[in-house]
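One structure is given here, and the rest of the page talks about it.
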Amino acid sequence: MTSATRQPETPAAALPPRLIATDLDGTLLRDDKSVSERTVAALAAAEEAGVEVFFVTGRPARWMDVVSDHVHGHGLAICGNGAAVVDLHGGPGAHRFVKVRELARENALDAVRLLREAAPGTVFAVEQTYGFYQEPAYPKLHMEIPDNLAPAEQLLAPDAPGAGEPVLKILAFHHELDPDAFLTVARRAVGDRATITRSSPSALLEISGPGVSKASTLELCCAERGISPEEVVAFGDMPNDVEMLTWAGTSYAMGNAHPAVIAAASGRTVANNEDGVAVVIEKILAERL
(Lines give C-alpha, C1' and ligand atoms only; values in the text may rest on other atoms or scores of the structure.)
Protein backbone atom coordinates (compact mmCIF):
# COMPACT_ATOMS: atom_id res chain seq x y z
CA MET A 1 0.00 0.00 0.00
CA THR A 2 1.13 3.56 -0.59
CA SER A 3 0.64 6.72 1.40
CA ALA A 4 -2.71 8.33 0.68
CA THR A 5 -1.91 11.67 2.30
CA ARG A 6 1.16 13.87 2.63
CA GLN A 7 0.14 15.52 5.90
CA PRO A 8 -1.20 13.90 9.07
CA GLU A 9 -4.88 14.20 9.84
CA THR A 10 -4.55 15.26 13.46
CA PRO A 11 -7.36 14.63 15.96
CA ALA A 12 -7.47 16.87 19.00
CA ALA A 13 -6.21 15.02 22.09
CA ALA A 14 -8.61 15.06 25.03
CA LEU A 15 -5.69 15.48 27.47
CA PRO A 16 -2.00 16.27 27.01
CA PRO A 17 -0.33 12.97 26.09
CA ARG A 18 1.72 11.17 28.72
CA LEU A 19 2.53 8.04 26.72
CA ILE A 20 3.17 7.20 23.07
CA ALA A 21 2.53 3.57 22.07
CA THR A 22 3.90 2.60 18.69
CA ASP A 23 4.04 -0.55 16.64
CA LEU A 24 7.36 -1.29 14.93
CA ASP A 25 7.21 -3.07 11.56
CA GLY A 26 5.35 -1.00 9.00
CA THR A 27 4.94 1.80 11.53
CA LEU A 28 8.02 3.11 13.35
CA LEU A 29 10.51 1.14 11.23
CA ARG A 30 11.09 1.85 7.58
CA ASP A 31 10.70 -1.05 5.17
CA ASP A 32 14.45 -1.79 5.43
CA LYS A 33 13.89 -2.25 9.21
CA SER A 34 15.88 0.87 10.08
CA VAL A 35 14.95 3.67 12.46
CA SER A 36 15.53 6.97 10.68
CA GLU A 37 17.56 9.76 12.25
CA ARG A 38 14.43 11.91 12.30
CA THR A 39 12.52 9.23 14.21
CA VAL A 40 15.37 8.68 16.68
CA ALA A 41 15.41 12.42 17.38
CA ALA A 42 11.62 12.55 17.81
CA LEU A 43 11.61 9.64 20.27
CA ALA A 44 14.39 11.24 22.31
CA ALA A 45 12.59 14.59 22.31
CA ALA A 46 9.38 12.96 23.55
CA GLU A 47 11.18 11.28 26.44
CA GLU A 48 12.98 14.53 27.24
CA ALA A 49 9.59 16.27 27.40
CA GLY A 50 8.32 13.69 29.90
CA VAL A 51 6.25 11.63 27.45
CA GLU A 52 6.97 7.90 27.82
CA VAL A 53 7.44 5.86 24.65
CA PHE A 54 6.40 2.21 24.57
CA PHE A 55 7.21 -0.09 21.68
CA VAL A 56 4.22 -2.42 21.27
CA THR A 57 4.96 -5.14 18.75
CA GLY A 58 4.20 -8.65 17.59
CA ARG A 59 7.95 -9.33 17.54
CA PRO A 60 9.49 -11.71 20.07
CA ALA A 61 11.94 -10.24 22.54
CA ARG A 62 14.94 -11.69 20.70
CA TRP A 63 14.09 -9.51 17.67
CA MET A 64 14.14 -6.24 19.61
CA ASP A 65 17.77 -5.34 18.99
CA VAL A 66 16.61 -3.02 16.19
CA VAL A 67 15.21 -0.60 18.80
CA SER A 68 17.02 -1.59 22.01
CA ASP A 69 19.13 1.59 21.84
CA HIS A 70 16.00 3.76 21.86
CA VAL A 71 14.05 2.53 24.91
CA HIS A 72 15.36 5.36 27.12
CA GLY A 73 14.60 5.44 30.85
CA HIS A 74 12.05 2.71 31.52
CA GLY A 75 13.59 0.20 29.10
CA LEU A 76 10.31 -1.67 28.61
CA ALA A 77 8.63 -3.01 25.48
CA ILE A 78 5.45 -5.00 24.92
CA CYS A 79 6.27 -8.00 22.74
CA GLY A 80 4.41 -10.92 21.18
CA ASN A 81 1.19 -8.93 20.66
CA GLY A 82 0.88 -8.37 24.40
CA ALA A 83 2.06 -11.78 25.58
CA ALA A 84 5.14 -10.32 27.31
CA VAL A 85 6.46 -7.11 28.81
CA VAL A 86 10.22 -7.14 28.43
CA ASP A 87 13.01 -5.06 29.98
CA LEU A 88 15.48 -4.46 27.15
CA HIS A 89 18.14 -2.74 29.25
CA GLY A 90 20.40 -5.78 29.14
CA GLY A 91 20.72 -5.56 25.37
CA PRO A 92 20.27 -8.31 22.76
CA GLY A 93 20.10 -11.76 24.35
CA ALA A 94 20.04 -10.38 27.89
CA HIS A 95 16.48 -9.14 28.17
CA ARG A 96 14.34 -9.82 31.23
CA PHE A 97 10.66 -10.80 31.15
CA VAL A 98 8.76 -8.48 33.49
CA LYS A 99 5.29 -9.84 32.73
CA VAL A 100 4.20 -12.97 30.83
CA ARG A 101 0.63 -13.67 29.68
CA GLU A 102 0.96 -17.18 28.37
CA LEU A 103 -1.18 -19.26 26.06
CA ALA A 104 -2.20 -22.38 27.98
CA ARG A 105 -1.08 -25.52 26.17
CA GLU A 106 -4.58 -27.00 26.26
CA ASN A 107 -5.92 -23.87 24.52
CA ALA A 108 -3.09 -24.04 21.99
CA LEU A 109 -3.85 -27.69 21.25
CA ASP A 110 -7.54 -26.86 20.83
CA ALA A 111 -6.64 -24.12 18.36
CA VAL A 112 -4.38 -26.46 16.38
CA ARG A 113 -7.08 -29.13 16.19
CA LEU A 114 -9.84 -26.72 15.18
CA LEU A 115 -7.71 -25.00 12.56
CA ARG A 116 -6.61 -28.29 11.02
CA GLU A 117 -10.34 -29.09 10.62
CA ALA A 118 -11.42 -25.63 9.40
CA ALA A 119 -8.46 -24.94 7.10
CA PRO A 120 -6.73 -28.16 5.98
CA GLY A 121 -3.11 -27.56 5.07
CA THR A 122 -2.43 -25.17 7.97
CA VAL A 123 1.05 -25.57 9.43
CA PHE A 124 2.21 -24.34 12.84
CA ALA A 125 5.08 -22.95 14.88
CA VAL A 126 5.32 -22.40 18.65
CA GLU A 127 6.81 -19.25 20.16
CA GLN A 128 7.94 -19.54 23.79
CA THR A 129 9.71 -17.10 26.06
CA TYR A 130 13.14 -18.20 24.86
CA GLY A 131 12.53 -21.03 22.37
CA PHE A 132 11.08 -21.29 18.87
CA TYR A 133 9.75 -24.62 17.57
CA GLN A 134 8.03 -25.48 14.31
CA GLU A 135 6.53 -28.20 12.19
CA PRO A 136 8.71 -29.50 9.33
CA ALA A 137 6.35 -28.03 6.70
CA TYR A 138 6.25 -24.58 8.32
CA PRO A 139 8.11 -22.19 5.98
CA LYS A 140 11.34 -20.46 6.94
CA LEU A 141 9.68 -17.11 7.44
CA HIS A 142 11.79 -15.85 10.31
CA MET A 143 15.39 -16.35 9.19
CA GLU A 144 16.21 -18.43 12.24
CA ILE A 145 16.91 -22.05 13.03
CA PRO A 146 14.11 -23.64 15.11
CA ASP A 147 15.02 -25.41 18.34
CA ASN A 148 13.02 -28.47 17.32
CA LEU A 149 11.03 -29.82 14.35
CA ALA A 150 7.91 -31.89 15.09
CA PRO A 151 4.13 -31.82 14.65
CA ALA A 152 2.49 -29.10 16.75
CA GLU A 153 0.75 -31.69 18.91
CA GLN A 154 4.17 -33.03 19.97
CA LEU A 155 5.64 -29.55 20.42
CA LEU A 156 2.82 -28.70 22.84
CA ALA A 157 2.83 -32.01 24.72
CA PRO A 158 3.59 -32.09 28.48
CA ASP A 159 6.92 -33.84 27.82
CA ALA A 160 7.95 -31.67 24.84
CA PRO A 161 11.29 -29.86 24.74
CA GLY A 162 10.80 -26.61 26.61
CA ALA A 163 7.67 -27.92 28.34
CA GLY A 164 8.52 -25.94 31.47
CA GLU A 165 8.70 -22.70 29.50
CA PRO A 166 5.58 -20.54 28.87
CA VAL A 167 4.05 -20.52 25.39
CA LEU A 168 3.59 -16.91 24.26
CA LYS A 169 1.78 -17.64 21.01
CA ILE A 170 1.46 -20.13 18.21
CA LEU A 171 1.79 -19.20 14.57
CA ALA A 172 -0.43 -20.68 11.86
CA PHE A 173 0.48 -20.44 8.18
CA HIS A 174 -1.47 -21.37 5.07
CA HIS A 175 0.07 -21.52 1.60
CA GLU A 176 -3.12 -20.86 -0.36
CA LEU A 177 -5.70 -18.87 1.59
CA ASP A 178 -6.13 -15.10 1.41
CA PRO A 179 -4.74 -13.59 4.64
CA ASP A 180 -7.94 -11.83 5.72
CA ALA A 181 -10.09 -14.82 4.75
CA PHE A 182 -7.81 -17.08 6.80
CA LEU A 183 -8.19 -14.76 9.79
CA THR A 184 -11.98 -14.84 9.51
CA VAL A 185 -12.07 -18.63 9.24
CA ALA A 186 -9.72 -19.04 12.20
CA ARG A 187 -11.61 -16.67 14.50
CA ARG A 188 -14.88 -18.41 13.70
CA ALA A 189 -13.39 -21.88 14.28
CA VAL A 190 -11.42 -21.18 17.47
CA GLY A 191 -13.86 -18.80 19.16
CA ASP A 192 -12.95 -17.64 22.65
CA ARG A 193 -10.31 -20.32 23.25
CA ALA A 194 -7.63 -17.89 22.02
CA THR A 195 -7.05 -14.43 20.55
CA ILE A 196 -6.21 -14.54 16.84
CA THR A 197 -4.78 -11.72 14.74
CA ARG A 198 -2.34 -11.06 11.92
CA SER A 199 0.44 -8.62 11.09
CA SER A 200 2.08 -10.23 8.07
CA PRO A 201 1.17 -9.60 4.41
CA SER A 202 1.09 -13.39 4.01
CA ALA A 203 -1.50 -15.82 5.41
CA LEU A 204 0.25 -16.01 8.78
CA LEU A 205 -1.87 -15.86 11.92
CA GLU A 206 -0.70 -15.12 15.47
CA ILE A 207 -2.59 -16.93 18.22
CA SER A 208 -2.37 -15.76 21.84
CA GLY A 209 -4.15 -16.49 25.10
CA PRO A 210 -7.79 -15.44 25.57
CA GLY A 211 -7.99 -11.69 26.05
CA VAL A 212 -4.29 -11.15 25.32
CA SER A 213 -3.66 -8.32 22.89
CA LYS A 214 -1.50 -5.26 22.47
CA ALA A 215 -4.37 -3.21 23.89
CA SER A 216 -5.01 -5.27 27.02
CA THR A 217 -1.34 -5.40 28.03
CA LEU A 218 -0.83 -1.72 27.26
CA GLU A 219 -3.85 -1.00 29.45
CA LEU A 220 -2.22 -2.94 32.31
CA CYS A 221 1.05 -1.02 31.91
CA CYS A 222 -0.77 2.31 31.80
CA ALA A 223 -2.86 1.47 34.87
CA GLU A 224 0.36 0.78 36.80
CA ARG A 225 1.48 4.30 35.90
CA GLY A 226 -1.84 6.03 36.53
CA ILE A 227 -2.17 6.86 32.83
CA SER A 228 -5.66 6.96 31.33
CA PRO A 229 -6.51 5.98 27.73
CA GLU A 230 -7.14 9.68 27.00
CA GLU A 231 -3.47 10.37 27.75
CA VAL A 232 -2.20 7.80 25.23
CA VAL A 233 -1.32 8.37 21.56
CA ALA A 234 -0.98 5.15 19.55
CA PHE A 235 0.30 4.27 16.08
CA GLY A 236 -0.17 1.15 13.94
CA ASP A 237 -0.61 -0.32 10.48
CA MET A 238 -1.98 -3.90 10.67
CA PRO A 239 -4.93 -5.82 12.17
CA ASN A 240 -2.97 -6.69 15.33
CA ASP A 241 -2.98 -2.95 16.10
CA VAL A 242 -6.74 -2.41 15.81
CA GLU A 243 -7.63 -2.98 19.49
CA MET A 244 -4.79 -0.73 20.66
CA LEU A 245 -5.80 2.07 18.31
CA THR A 246 -9.41 1.77 19.43
CA TRP A 247 -8.44 1.83 23.13
CA ALA A 248 -6.10 4.83 22.98
CA GLY A 249 -7.59 8.27 23.31
CA THR A 250 -5.78 9.44 20.16
CA SER A 251 -4.60 7.06 17.47
CA TYR A 252 -3.05 7.17 14.02
CA ALA A 253 -3.16 4.78 11.11
CA MET A 254 -0.06 4.93 8.96
CA GLY A 255 -0.38 6.01 5.33
CA ASN A 256 0.43 2.41 4.40
CA ALA A 257 -2.10 0.89 6.83
CA HIS A 258 -4.55 -1.98 6.35
CA PRO A 259 -8.16 -0.79 5.77
CA ALA A 260 -9.27 -2.16 9.15
CA VAL A 261 -6.65 -0.02 10.85
CA ILE A 262 -7.71 3.10 8.99
CA ALA A 263 -11.28 2.48 10.12
CA ALA A 264 -10.23 1.98 13.77
CA ALA A 265 -7.90 4.96 14.19
CA SER A 266 -9.02 8.48 15.07
CA GLY A 267 -6.46 10.04 12.71
CA ARG A 268 -4.02 9.26 9.94
CA THR A 269 -0.40 10.11 9.31
CA VAL A 270 1.97 9.54 6.40
CA ALA A 271 3.60 6.19 5.65
CA ASN A 272 6.35 4.51 7.66
CA ASN A 273 8.92 5.28 4.95
CA GLU A 274 8.02 8.97 5.32
CA ASP A 275 8.55 8.94 9.11
CA GLY A 276 4.86 9.19 9.92
CA VAL A 277 5.35 8.60 13.64
CA ALA A 278 8.00 11.31 13.89
CA VAL A 279 5.79 13.76 11.99
CA VAL A 280 3.05 13.44 14.62
CA ILE A 281 5.42 13.46 17.62
CA GLU A 282 7.03 16.68 16.35
CA LYS A 283 3.59 18.29 16.04
CA ILE A 284 2.55 17.13 19.53
CA LEU A 285 5.70 18.52 21.10
CA ALA A 286 5.43 21.80 19.19
CA GLU A 287 1.89 22.29 20.50
CA ARG A 288 3.11 21.82 24.09
CA LEU A 289 5.52 24.76 23.87
Side-chain angles (χ1 to χ4, degrees), residues 1-59 64 66-74 76-78 199 201 214-215 218 222 227 229-289:
M1 299 180 190
T2 58
S3 174
T5 177
R6 299 296 302 180
Q7 295 298 323
E9 300 170 7
T10 311
L15 294 172
R18 293 176 58 194
L19 188 142
I20 291 167
T22 178
D23 172 54
L24 294 181
D25 296 281
T27 300
L28 188 80
L29 304 180
R30 291 189 167 187
D31 287 348
D32 64 2
K33 307 305 179 186
S34 67
V35 186
S36 73
E37 292 184 6
R38 180 180 185 180
T39 297
V40 169
L43 296 176
E47 294 277 359
E48 181 66 24
V51 181
E52 287 194 76
V53 177
F54 261 69
F55 301 129
V56 188
T57 178
R59 286 182 172 227
M64 294 299 289
V66 67
V67 291
S68 58
D69 290 337
H70 311 300
V71 291
H72 300 284
H74 58 80
L76 300 178
I78 297 173
S199 60
K214 289 185 175 186
L218 178 62
C222 287
I227 296 174
E230 292 75 22
E231 296 171 302
V232 177
V233 179
F235 299 86
D237 73 305
M238 287 296 280
N240 64 330
D241 296 312
V242 165
E243 293 88 352
M244 178 175 74
L245 298 181
T246 302
W247 176 81
T250 306
S251 59
Y252 292 87
M254 306 305 293
N256 50 290
H258 186 281
V261 174
I262 296 170
S266 58
R268 195 170 183 191
T269 185
V270 295
N272 62 317
N273 285 332
E274 300 172 71
D275 300 326
V277 173
V279 169
V280 174
I281 292 176
E282 291 165 358
K283 188 173 191 303
I284 288 171
L285 296 181
E287 290 172 349
R288 291 179 58 147
L289 297 178

For a 4.5 angstrom cut-off between non-hydrogen side-chain atoms, does [X] reach [Y]?
X	Y	answer
Thr22	Phe54	no
Ile284	Pro17	yes
Met64	Leu24	yes
Val277	Thr269	no
Val67	Leu29	yes
Asp25	Arg59	yes
Ile227	Glu52	yes
Val53	Glu47	yes

Rounded at 0.5 Å granularity, tell me how far [atom1] in [X] sits from [atom2] in [Y].
X	Y	atom1	atom2	result
Lys33	Asp31	NZ	CG	7.0 Å
Leu218	Trp247	CG	CH2	4.5 Å
Leu245	Phe235	CG	CZ	10.0 Å
Ser36	Glu274	OG	CD	11.5 Å

For a quick test of reading the model, state the closest non-hydrogen atom pair linking [X] to [Y] and the distance between them.
X	Y	value
Asp32	Ser34	OD1-OG, 2.6 Å
Pro239	Val261	N-CG2, 3.9 Å
Ala265	Ala253	CB-N, 3.4 Å
Met244	Ala234	CG-CB, 4.1 Å
Ala21	Val56	CB-CG2, 4.0 Å
Gly249	Ser266	O-OG, 4.4 Å

List the steps and the verdict of side chain to side chain contact (heavy atoms under 4.5 Å, CB included) for Met254 and Asp23. CA-CA 10 Å; Met254 306 305 293; Asp23 172 54; over 6 Å; no

With no hydrogens and no angle check, is any side-chain donor or acceptor of [X] less than 3.5 Å from a backbone partner on [Y]?
X	Y	result
Asp275	Thr39	no
Thr246	Val242	yes
Arg268	Gly255	yes
Asn272	Asn256	no

Residue list, side-chain contact (heavy atoms from CB on, under 4.5 Å) with Val51, at least two apart or on another chain: Ile20, Ala46, Arg288

Who pairs with Glu282 by side-chain hydrogen bond (donor to acceptor under 3.5 Å, both in side chains), at least two apart in sequence or on another chain?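 Here the qualifying residues are Arg38.
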
